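Written below as structure tokens is the structure these notes are about.
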Amino acid sequence: MGLQDFLNNDLVFIHTSARTSEEVFKQVAAKAMSMDMITDAFLEKVTEREKNFPTGIETERFGVAIPHTNPEYVKKQFIAVVTSQEGVPFSRMDDTNAQIKAKAIFVLGLNEPHTQLESLQAIMAVLQNDDKIQQILDSTDVEQVIQSILA
């Protein structure tokens with residue numbers, strides 16, 4: 001399985017108006033819940049996990065985040081993609097006292113251990129390419145975002 005198996009047009013949010021990680025999680029959870037992809041506890045658990053184990057990463061040019069939660073809160077696997085022009089504050093993975101402004105956020109809804117590792121590796125490959133991140137951020141429609149990730 002590759003990233004294309006987890007990306008869903010309905011779970012791509014371009015230029016979100018969310019100002020906090022909690023608002024991002026609410027936006028993603030509301031849509032995923034309407035699609036019966038998550039349990040009722042997903043929103044609470046992803047928020048809680050982000051507080052305890054931050055996922056903000058500073059690349060050379062961009063702040064990004066890869067929030068996720070435990071598999072038991074995911075019914076159907078997905079990767080939601082959220083872009084923000086302003087950047088959404090996330091605590092850094094490597095220094096929990098520091099924050100970054102995430103402009104690209106990949107919310108992982110995965111429920112199989114091998115899938116999680118493979119997907120994280122694939123996303124990290126995307127995040128290590130600042131040109132690819134720029135393409136994602138410059139995208140004006142959902143198809144462009146998905147194509148930029150998969151290219």
Side-chain angles (χ1 to χ4, degrees), residues 1-38 42-43 46-47 49-50 53-71 73-95 98-151:
M1 292 185 114
L3 288 180
Q4 69 276 1
D5 298 311
F6 306 112
L7 295 168
N8 182 311
N9 287 14
D10 293 329
L11 291 170
V12 175
F13 305 89
I14 298 171
H15 306 314
T16 183
S17 60
R19 296 283 171 249
T20 66
S21 58
E22 290 84 2
E23 289 176 10
V24 168
F25 301 153
K26 284 179 186 171
Q27 185 177 29
V28 170
K31 190 63 178 175
M33 181 63 82
S34 76
M35 299 166 69
D36 198 33
M37 298 178 92
I38 57 173
F42 180 88
L43 177 58
V46 75
T47 303
R49 189 177 197 295
E50 187 63 30
F53 303 101
T55 62
I57 301 168
E58 192 74 45
T59 72
E60 197 161 309
R61 293 181 10 222
F62 303 102
V64 297
I66 314 172
H68 53 283
T69 191
N70 296 348
Y73 309 114
V74 178
K75 294 180 185 179
K76 184 173 188 278
Q77 299 190 103
F78 65 90
I79 297 173
V81 182
V82 182
T83 65
S84 170
Q85 290 183 310
E86 305 295 318
V88 178
F90 274 81
S91 292
R92 287 177 61 130
M93 184 184 291
D94 61 347
D95 179 0
Q99 285 203 325
I100 55 108
K101 289 229 178 219
K103 294 194 171 198
I105 303 155
F106 294 81
V107 181
L108 307 184
L110 303 172
N111 60 17
E112 297 174 14
H114 70 280
T115 304
Q116 192 155 1
L117 181 59
E118 290 170 13
S119 297
L120 272 172
Q121 289 171 335
I123 289 171
M124 289 308 292
V126 170
L127 298 182
Q128 290 172 352
N129 183 335
D130 281 341
D131 291 337
K132 193 174 278 245
I133 296 172
Q134 188 65 61
Q135 283 180 339
I136 294 165
L137 297 176
D138 289 344
S139 296
T140 55
D141 70 53
V142 170
E143 284 300 322
Q144 278 183 313
V145 170
I146 290 175
Q147 290 309 312
S148 295
I149 292 169
L150 298 178

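What you are looking at is a predicted structure, and each value in this text was computed from that prediction instead of being measured.
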Is any side-chain heavy atom of [X] closer than 4.5 Å to a side-chain heavy atom of [Y]?
| X | Y | answer |
| --- | --- | --- |
| F78 | N8 | no |
| Q135 | D131 | no |
| L108 | I123 | yes |
| T55 | H68 | yes |
| K76 | M35 | no |
| T16 | E23 | no |
| S139 | T83 | no |
| F90 | P67 | yes |

- Just jot down the side-chain contact (heavy atoms from CB on, under 4.5 Å) partners of T59, sequence neighbours excluded, or say none.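 Counting only residues at least two positions away or on another chain, T59 forms a side-chain contact (heavy atoms from CB on, under 4.5 Å) with F62, V64, D130, I133.
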
Rounded distance [0.5 Å steps], [atom1] in [X] versus [atom2] in [Y]:
| X | Y | atom1 | atom2 | result |
| --- | --- | --- | --- | --- |
| S119 | M124 | OG | CE | 13.0 Å |
| L137 | I14 | CG | CD1 | 10.5 Å |
| I105 | F25 | CD1 | CZ | 8.0 Å |
| Q85 | D138 | CD | CG | 9.5 Å |
| Q27 | E22 | CD | CD | 13.5 Å |
| F42 | N70 | CZ | CG | 10.5 Å |

Do you know which two heavy atoms are closest between [X] and [Y], and how far apart they sit?
| X | Y | answer |
| --- | --- | --- |
| A29 | L43 | CB-CB, 4.0 Å |
| P89 | Q99 | CB-OE1, 3.6 Å |
| V74 | G109 | CG1-O, 3.4 Å |
| G56 | E50 | N-OE2, 4.2 Å |

If we ignore hydrogens and angles and just use 3.5 Å, is the side chain of K103 paired with the main-chain N or O of S84 as donor and acceptor?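 Judged by distance alone, no pair lies under 3.5 Å.
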
query = For the side chain of Q77 and the backbone of N111, is there at least one donor-acceptor N/O pair under 3.5 Å apart?
reply =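 Yes.
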
Enumerate donor-acceptor pairs with a distance under 3.5 Å from any side-chain N or O in residues 144-151 to protein atoms, sequence neighbours excluded.
from	atom 1	to	atom 2	distance (Å)
Q144	OE1	T140	N	2.7
Q144	OE1	T140	OG1	3.0
Q144	OE1	D141	N	3.3
S148	OG	Q144	O	2.8

#### Entry: Whether over 12 other heavy atoms sit under 6.0 Å from K75 NZ
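Enclosed: over 12 neighbouring heavy atoms sit under 6.0 Å from NZ of K75.
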
Q: Show your working on side-chain contact (heavy atoms from CB on, under 4.5 Å) between I66 and L127 and close with a plain yes or no.
A: CA-CA 10 Å; I66 314 172; L127 298 182; 3.5 Å; yes

